[in-house]
There are 2 protein chains.
Amino acid sequence: MVRPGGRSARVQAGVHAAVRELSAEVGRDALTVPMIAQRAGVTPSTVYRRWGDLQELLSDVAVERLRPDTTPGDHGTLRSDLTAWAEQFLDEMSSPSGRAYIRDALLGDPDGGNAGRCSAYAAEQIDVILSRAAERGEETPAVETVMDRVVAPLMYRILFRPDGLDAEYARQLVTGIFDNAGTGAAD
Amino acid sequence: MVRPGGRSARVQAGVHAAVRELSAEVGRDALTVPMIAQRAGVTPSTVYRRWGDLQELLSDVAVERLRPDTTPGDHGTLRSDLTAWAEQFLDEMSSPSGRAYIRDALLGDPDGGNAGRCSAYAAEQIDVILSRAAERGEETPAVETVMDRVVAPLMYRILFRPDGLDAEYARQLVTGIFDNAGTGAAD
DNA sequence: CAGGTAAAAGCTAAGAGTTTGCTTTAGCTC
DNA sequence: GAGCTAAAGCAAACTCTTAGCTTTTACCTG
């Protein structure tokens with residue numbers, strides 16, 4: 001077996017780097033396995049054997065790029081932290097390239113867990129925000145509540161209705177968590 | 001130009017039928033354009049010229065299969081109508097084949113509108129339920145509210161966290177629309 | 001630290017899918 | 001029913017994918 005740091009790891013890193021470089025140079029839709037393999041200095045059969053097909057490889061790379069690289073900012077209150085996070089999330093994810101990454105991540109083997117990893121990233125970020133609020137002594141909702149009421153609607157709109165999305169929508173969703181005024185439905 | 005009912009329409013119908021038949025026979029993952037073209041009695045280049053690639057074709061067919069074929073059932077109250085609809089929606093969409101259709105629909109040209117069409121189907125169904133409730137004299141939430149609070153969370157879980165989904169979750173989401181007890185967040 | 005071992009990569013050729021220019025057909029319009 | 005145009009058929013060139021076999025690499029034992 002080849003351990004981390006060995007040849008396997010170098011090949012994987014090289015192929016991932018080749019995907020990132022080439023998708024910037026020629027565009028995501030023009031990528032082919034032979035092209036990526038050549039840039040990475042490996043043979044196409046290596047890529048096919050390790051990833052199966054182009055989709056699976058793109059899915060892998062997409063998940064890496066969707067991993068947050070910063071801790072959510074501290075704006076003093078739970079509400080402002082969530083609002084800022086939701087606005088940034090929407091901003092990053094609703095761009096054409098952001099949507100492409102999400103779609104690629106969803107495209108991989110459903111049992112491979114790439115999609116689940118994306119969701120986990122968001123949940124971790126939310127958890128950081130909620131924990132910080134709890135330390136301040138604020139009442140906090142469950143992570144699941146924020147996922148259902150903010151993340152899920154944002155992601156749904158990004159995937160299914162990409163038009164007419166703006167930061168105001170993200171703010172309204174966060175407000176909905178704090179506002180118990182009702183939905184207009186009688187019980 | 002060839003109008004509806006002409007050769008174009010026949011080819012489209014034949015190719016769609018071929019996709020449905022073959023995906024039942026050999027499985028969605030084994031489909032190829034030449035295989036579909038042969039079953040439909042057309043040449044592969046016809047398929048490539050009309051749809052561009054296999055993904056686009058599968059996306060088209062998936063949207064058709066995601067179109068609801070019945071009106072939401074009437075159970076006497078808004079709450080029971082929504083609950084029944086959400087449970088059925090979850091049941092149909094969370095199956096392996098349901099998830100595959102959703103993924104295929106999302107995969108097509110983002111500007112082609114296939115994803116938006118799926119969302120519109122759900123919105124139409126919700127609208128029927130809400131209109132019926134309004135006629136009964138019940139207070140009703142906006143369609144958007146139901147999309148955000150029920151459809152989006154269901155779809156998010158189906159796509160990103162397919163494990164651990166059950167009818168109880170769907171019921172809780174519907175309850176959340178009627179229950180203004182709060183989320184645990186202080187304002 | 002030399003030799004053995006197993007996993008992973010390289011190589012190559014056969015097979016399958018995709019693209020494209022040109023020709024033919026179908027259906028509309030006058 | 002003759003002309004016209006969009007779409008389909010055809011066929012060849014091209015690219016991608018797959019698979020069997022060989023070679024390399026890194027780890028591990030003696």
Side-chain angles (χ1 to χ4, degrees), chain A residues 1-23 25-62 64 100 103-104 107-110 112, chain B residues 1-62 64 100 103-104 107-109 112:
Chain A
M1 205 202 318
V2 179
R3 307 298 162 129
R7 183 165 63 161
S8 270
R10 284 199 309 276
V11 167
Q12 152 139 1
V15 169
H16 276 218
V19 170
R20 286 191 297 272
E21 290 170 24
L22 286 169
S23 77
E25 290 172 24
V26 305
R28 178 210 169 285
D29 292 341
L31 295 179
T32 67
V33 169
M35 180 189 297
I36 292 164
Q38 182 176 23
R39 173 67 63 100
V42 302
T43 60
S45 61
T46 294
V47 174
Y48 286 115
R49 261 195 270 265
R50 278 188 63 138
W51 282 277
D53 60 16
L54 179 60
Q55 274 187 357
E56 205 60 43
L57 171 57
L58 291 181
S59 178
D60 258 25
V61 174
E64 270 189 14
R103 282 159 28 107
D104 283 342
L107 245 142
D109 176 10
Chain B
M1 202 202 315
V2 179
R3 307 296 164 146
R7 183 164 62 160
S8 271
R10 284 199 309 277
V11 167
Q12 153 139 3
V15 170
H16 276 217
V19 170
R20 287 191 297 272
E21 290 170 23
L22 286 169
S23 76
E25 290 172 24
V26 305
R28 178 209 169 284
D29 291 342
L31 295 179
T32 67
V33 170
M35 180 189 297
I36 292 163
Q38 183 177 23
R39 173 67 62 102
V42 302
T43 59
S45 61
T46 293
V47 175
Y48 286 115
R49 265 194 258 266
R50 278 187 64 135
W51 282 276
D53 60 18
L54 179 60
Q55 272 186 0
E56 206 59 43
L57 171 58
L58 292 181
S59 177
D60 259 23
V61 175
E64 271 190 13
R103 282 160 28 107
D104 283 342
L107 260 160
D109 177 10

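Here is the naming used below: chain letters follow the sequence lines, and residue numbers restart at 1 for every chain. Note that the coordinates shown come from a computational prediction; the quantities given were computed from them, not determined experimentally.
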| message | I need the Arg103(A) CZ to Gln55(A) CD distance, nearest 0.5 Å. | response | 10.5 Å

| note | Rounded to the nearest 0.5 Å, the CD atom of Glu56(A) sits from the CG atom of Leu107(A) at a distance of 9.0 Å

[X] has a side chain; which of [options] sits nearest to it?
X	options	result
Arg50(A)	dG20(D), dA8(C), dT20(C)	dA8(C)
Thr43(B)	dA9(C), dG9(D), dG10(C)	dG9(D)
Ser45(A)	dA11(D), dT12(C), dA9(C)	dT12(C)
Arg7(A)	dA8(D), dA11(D), dT25(D)	dT25(D)

| message | Nearest whole Å is fine: how far is dG9(D) C1' from Gln38(B) CD? | response | 15 Å

| message | Tell me the interatomic distance from Met35(A), atom CE, to dC16(D), atom P, rounded to whole angstroms. | response | 7 Å

| request: Please state whether the phosphate of dC16(D), meaning OP1 or OP2, lies under 4.0 angstrom from any side-chain nitrogen or oxygen of Thr32(A). | output: yes

| message | I'd like to know if the side chain of Arg50(A) and the backbone of Ser8(A) have a donor-acceptor N/O pair within less than 3.5 Å. | response | yes

| said: Looking at Ala17(B), is its backbone amide N or carbonyl O close enough to the side chain of Arg39(B) to form a donor-acceptor pair, meaning the two atoms are under 3.5 Å apart? | reply: no

| said: I want to confirm an ordering. Mapping Pro34(A) and Arg49(A) to their closest nucleotides on DNA chain D, which one lands closer to the 5' end? | reply: Pro34(A)

| task | Would you kindly compare Leu54(B) and Arg10(B) by the position of their nearest DNA chain C nucleotide and give the one closer to the 5′ end? | result | Leu54(B)

